[in-house]
Number of protein chains: 2
Amino acid sequence: MNLRQLKIFLTVCESGSMSKAAKKLYMTQPSISQTISELEQELNVKLFERMNKKLLLTYAGEVLKEYAKRISSLVEEAQSTF
Amino acid sequence: MNLRQLKIFLTVCESGSMSKAAKKLYMTQPSISQTISELEQELNVKLFERMNKKLLLTYAGEVLKEYAKRISSLVEEAQSTF
DNA sequence: GCTAATTACGAGGAGCGTAACTATC
DNA sequence: GATAGTTACGCTCCTCGTAATTAGC
């Protein structure tokens with residue numbers, strides 16, 4: 001787990017789709033998809049339910065999302081300090 | 001800035017030297033040194049005062065250390081959840 | 001002379017893009 | 001057939017280790 005993954009995960013959560021997240025982050029869809037898969041494998045948990053072309057956060061996903069938000073804001077705060 | 005850098009920085013802070021941090025992290029001295037240098041360059045701030053073979057945290061270093069502790073513990077908490 | 005830190009450089013792996021495929025609307 | 005996601009693959013760059021250098025005890 002690293003900040004890059006958390007940032008991408010958060011963006012997917014907020015935008016509701018990988019393609020939208022890709023645009024926001026100026027990345028491609030496959031890279032986003034791959035990163036989410038890696039994160040799921042590393043944590044050994046499913047973060048999204050892939051249903052009918054719609055991404056749905058699992059409970060684990062919701063939990064991680066809250067951590068990701070707190071961690072990211074701390075990091076941004078730290079960076080803006082210097 | 002990433003979690004790897006923060007982890008290494010914290011270990012150097014806590015152990016008081018790069019060589020001790022290297023042992024703790026099962027890494028080599030040069031890798032530690034390089035990572036600290038990168039962090040200083042990225043944040044454009046000096047984190048340690050190199051005096052007489054002794055590493056001394058600067059004020060900026062102290063500030064970053066606190067952020068690093070909070071961020072790292074959050075990350076560990078998140079990881080231990082899954 | 002030994003320990004600690006920095007600098008230089010090369011190898012291996014992570015991360016991203018392109019291309020191709022699958023599937024849902 | 002258009003949009004969204006996954007899989008495959010290659011290239012680039014990051015990260016680490018080894019080797020060599022500098023400096024303080």
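Predicted, not measured: the structure shown is a model, and the values here were computed from it. Quick note: numbers below take in every heavy atom, side chains included, and nothing from hydrogens, waters or symmetry partners. Labels below follow one simple rule: chain letters A, B, ... track the order of the sequence lines, proteins then strands, and each chain is numbered from 1.
Contacts of A/Phe48 with the nucleic acid, taken as non-hydrogen atoms under 4.0 Å apart, are absent.
A nucleotide of DNA chain C counts as in contact with chain B when one of its atoms lies under 4.0 Å from a heavy atom; the first and last such, 5' to 3', are C/dT3 to C/dT7.
In this view, A/Glu14 and A/Leu10 satisfy the side-chain contact (heavy atoms from CB on, under 4.5 Å) rule, not counting sequence neighbours. In this view, B/Phe48 and B/Phe9 satisfy the ring pair (Phe, Tyr, Trp, His ring centres under 6.0 Å) rule, not counting sequence neighbours. When the salt bridge (Lys or Arg N to Asp or Glu O under 4.0 Å) test is applied to A/Lys69, the partners found at least two apart in sequence or on another chain are A/Glu66. Listed by chain and number, the residues in a salt bridge (Lys or Arg N to Asp or Glu O under 4.0 Å) with B/Glu62 amount to none (sequence neighbours excluded). Applying the side chain to side chain donor-acceptor pair (under 3.5 Å) test to A/Glu77 and every residue at least two apart in sequence or in another chain returns B/Tyr67. A/Arg4 pairs by the salt bridge (Lys or Arg N to Asp or Glu O under 4.0 Å) definition with A/Glu38, not counting sequence neighbours.
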What string of B, S and - do you get for nucleotides 1-12 of chain D, 5' to 3', if B is base contact, S is sugar-phosphate-only contact and - is no contact with any protein heavy atom under 4.0 Å?
-> --BSBBB-----
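The CD atom of A/Glu49 lies 7.0 Å from the OG1 atom of A/Thr58; values are rounded to the nearest 0.5 Å.
Projected onto DNA chain C by closest heavy-atom contact, A/Met51 and A/Arg4 fall at different nucleotides, the more 5' of which corresponds to A/Arg4.
Residue pairs meeting the ring pair (Phe, Tyr, Trp, His ring centres under 6.0 Å) criterion with at least one member in residues 11-41 of chain B, sequence neighbours excluded, do not occur.
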